[in-house]
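What follows is a set of notes on a single structure, which appears directly below.
Each chain gets a letter, A, B and so on, in the order the sequences are listed, and its residues count up from 1. Only heavy atoms go into these numbers, but all of them, side chains included; no hydrogens, no water, no symmetry mates.
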Amino acid sequence: MALIHDLAFQGAQMLLVLLLSPLLTGFVRKVKARLLRRQGPPLLQPYRDLIRLMRKDVVLADNASWLFRVIPYLVFAATWVAASLVPTFRSGLLFSWTADLIAIIALIGSARFFLALAGIDAGTSFGGIGTSREVMIASLAEPAMLMIVFTLALIAGSTQLSTMAAFMNSPEVGLRVSLGLALIALIIVAIAENARVPVDNPATHLELTMVHEAMVLEYSGRHLALIELSVMLKLLLYMSLIACLFAPWGIAAATATPAFVAVGVGAYAAKLAAGGFLLAVFETSIAKMRVFRVPEFLGAALMLALLATLLRFVSGSF
Amino acid sequence: MVVYALFGVLALVALAPVAIALNASARATALVYSASLMITLIVGTAALLALTGYDGAGSAVTLPLGLPWLGAHFRIDALSAFFLAVINLGGAAASLFALGYGRHEEFPGRVLPFYPVYLGAMNLVLLADDAFSFLVSWEFMSLSSWALVIAHHRVRENLRAGYVYLLMAGFGTLALLLAFGLLAGAQGNYAFDAIRAAHPSTGLAALVLILVLIGAGSKAGLVPLHAWLPLAHPAAPSHISALMSGVMTKVAVYAFVRITFDLLGPPDWWWSLVVLAVGGISAVMGVLYALMQRDVKRVLAYSTIENIGIIFAALGLALAFKAYAMHFAAALALTAALLHVFNHALFKNLLFCGAGAVLSATGERDLEKLGGLIHRMPQTAFVFLIGCTAISALPPLNGFVSEWLIFQAILLSPQLPSWGLKLMVPAVGALLALSAALAGACFVRAFGIGFLGRPRSDEARGAQETDTHSLAAMYALAALCLIAGILPGLFIDTLAPVAQMLTQGRMPVQTGVEWLSIVPIAESRSSYNGLLVFVFMTASGMIAAFAIHRLASDRIRRSIAWGCGYPDPGPLTQYTADSLAQPIRRVFGTLVFSAHESGEMPPPGSTAPARLTVKMRDPVWDTLYAPVADFITYASERLNVLQFLTIRRYLTLVFMALVLLLLVLAIWP
């Protein structure tokens, strides 16, 4: 019985992240548009876009190989699995022990690895430019992310997200210098990983300024829909991750009553709305960087995260 | 057991005269490689069985060979059994690959006699139980591989590679010789048992550690002793490259582990500091070098340096934990290191075989002349992709598991009391994280430029899929990469006797854990389940594909790629290996390689091409090797006069040398 119960929650989580992620993206777009005093597309527009894209024919470049057609499914699968393992409204997910935080980061890395390959496959220079920049960004963002994970894992004594979230919710945490540094670094990394302004512009239409968009330039139809969905899932994943590590209030425990689960759902929705709002405000108030400014930006995240880890190694009280 | 292994070695060595007698006919190729395949498979399986059923004693034999008062000691314990299994697995895969690949060999007579000797010598190093047999086998291994490196000696580069390799191998063996000399002490107890029983003093042990780090490290390819490796590994025929990179570097790791963990007695804490630093720097430098190479085999050779760096960093952690008697953590770090040894042997062999298949299909090793091979060699591309994914430490394949374990070991290290380590370990952790990310970039580049896109040369355009033997070897290795990735618990448990023997600690039994997860410490702390990740990924990908094809659309049209409306610009406008790595070269290369780009634009109106020149320096070569080489040239020019003396002067020199030596003897206490 308990197993079915847990299984149901795990399934609910998987469906929730899948269904909620376009809404989050739509919400961010809407807020951005309103901040620019535009009406903006309706909140549900991303769903319509996805459905429309899925119904369209795929137009493949002449040179595209079998790998090009498999990659959208691989990317989607890796991102979805990763996103379903981050606690959202209820911790103690049935399969949370399948992959700890390091493995979740690595799953996202797998998705990126394959997407970068897709950029080269069509044999055009736009795809290459995207891949080339993406791997440069990743080569700094990934180590920064791992150092953040190290810091948090040393504070919580675990890399298991459920345990970490529970620890962060307990009074033992307190205010720590290393936590602050890790939070700043995590936000920088999240911005870079999700290809948001100022690292990349998700709404750009000029090939030479693209990073992520240039990599997926040759995708169309259902393939593009899957990649777009993965991008949305990834944004949701990072928001959930920041929420569950730095704002774990309201996450229902594994043994919680339905009332608490309802509170958890409400709290989660509020956190996502707040996160989306902050992201939109941040994006409208800053300009996109030149590509070679990005390493400095991400280098700062790496140094902050390394400093946080060093502090944790030097003394348990930081 | 050890006797059977020795028979295996004997059979391998006996293949050499057979190969010579058959005079390099096509029959000789088939015979040598299939016999090597059988022997290595048998010895490898036997070693694996010895490891799983290890009773804590092992088996030993002493033969009346070698030094008369010593005899030749041979022994198999858990450590050597593990490395025997790895090496013979790699040897078997390379032999199977060579059954197909070796047929293209232009001069089989220069490869066939040395190949089985090389395999046999590597086995013998692992079996040796006294310093004398160890060093003799080690030298045999070096020399036979040197002969294989210069198999194609008409190519000038290969000769240079062979020369540098011979120098470095001699230098490394000298360091090991001195290390064993110090270990054996004044009585000259060269048997490992005697060395193990006699604990050397602190200063002596420190000296031995440095010497071993030089001797084994130069063979393994640790920065800054790596200079020969990227020259020599690619120069040999590809199945030999696979053996040298995937397997022989592991013999060097074995030498290091054997001496520092087993023979040298309890470690000092600062040993680990040195090993960690060298490992971390090798990891990052190796992969940065790899990112700057165009030759696909050199990319792979440099990536070996990276992986060796990762292994040594984990070994350094294990030493640190062992020094502070944290047996469990030491066992975890050591298991992680050994698992990476195994994993690296798998995927590096696979990748070198893939590079060999490309080489024999196109005659090209230069990434800038490849491209689009996924259309012409789909199976090779598939297995090469698996190798690339595995070596980039991506789940659910095996490279991720060992790196994950290393990170888990790093997370245990704040408990180490020493301040030096408290600062060093997080720094090394950052270096490892950086190298993992850069490895991803490196293999996106290697696979993407080589196999994807459009062909950049006629050779790449006309490539054909490789033969079945080569494919079978690569598929077997790829399957093992996947199995080791999704069922790592089995492999961790197999390593338990080794960890038990060297660190007196052991990790929890993994095979009993629910759902076949791996739980290195406790479930609330960390766990990973490669099998479920694999199943989930496959299932969700398939469900998505099925649902979309069924409910939405499954139609496909082909069209030209988007080029801003310009007519098809031709394959040379694609990104190249160099341009793909340009942002990384700019971010990291300016610091490490003093990379400098200068552009030269034609004047307005001119149709001359613009030129971009990149200047890079090899920091290690320029600061370490070039001065030494300069000094040796200078000194030998100065001493050249000694070659042209008269007989009287020579006699005077001899006499003076004699007087000097006698004086020394007289003054010596």
Are the side chain of [X] and the backbone of [Y] linked by a donor-acceptor contact shorter than 3.5 Å?
{"X": "A:Glu218", "Y": "B:Trp562", "value": "yes"}
{"X": "B:Ser559", "Y": "A:Val59", "value": "no"}
{"X": "A:Thr98", "Y": "B:Val533", "value": "no"}
{"X": "B:Arg558", "Y": "A:Ala61", "value": "yes"}
{"X": "A:Arg222", "Y": "B:Ser553", "value": "yes"}

Chain B contact via [X] - which portion, at a heavy-atom distance below 4.5 Å:
{"X": "A:Leu217", "result": "side chain"}
{"X": "A:Ile129", "result": "both"}
{"X": "A:Phe126", "result": "side chain"}

Can you tell which part of [X] gets under 4.5 Å to a heavy atom of chain A, answering side chain, backbone, both or neither?
{"X": "B:Cys388", "answer": "both"}
{"X": "B:Gln408", "answer": "side chain"}
{"X": "B:Phe451", "answer": "neither"}
{"X": "B:Ile410", "answer": "both"}
{"X": "B:Ile548", "answer": "side chain"}
{"X": "B:Thr538", "answer": "neither"}
{"X": "B:Val587", "answer": "side chain"}

field: Top contributor to chain B interface from A:Leu67, A:Val70, A:Asp57 [non-hydrogen pairs under 4.5 Å]
entry: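 Answer, by heavy-atom pair count under 4.5 Å with chain B: A:Asp57.
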- prompt: Side chains of B:Ser527 and A:Gln160: donor-acceptor distance under 3.5 Å anywhere?
  reply: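 Checked: B:Ser527/A:Gln160 side chains pair up, N/O donor to acceptor below 3.5 Å.
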query: Considering all heavy atoms of both residues, which atom of B:Pro426 and which atom of A:Thr309 are nearest to each other, and what is their separation?
result: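 For B:Pro426 and A:Thr309, the tightest heavy-atom pair comes out as CB-CG2, 4.1 Å.
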query: Step by step, would you call A:Trp97 with B:Val519 a side chain to side chain contact (heavy atoms under 4.5 Å, CB included)?
result: CA-CA 9 Å; A:Trp97 41 262; B:Val519 181; over 6 Å; no
task: Please say which of A:Ile102, A:Leu101, A:Thr159 ends up in a side-chain contact (heavy atoms from CB on, under 4.5 Å) with B:Ser526.
output: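 Single side-chain contact (heavy atoms from CB on, under 4.5 Å) partner of B:Ser526 among A:Ile102, A:Leu101, A:Thr159: A:Thr159.
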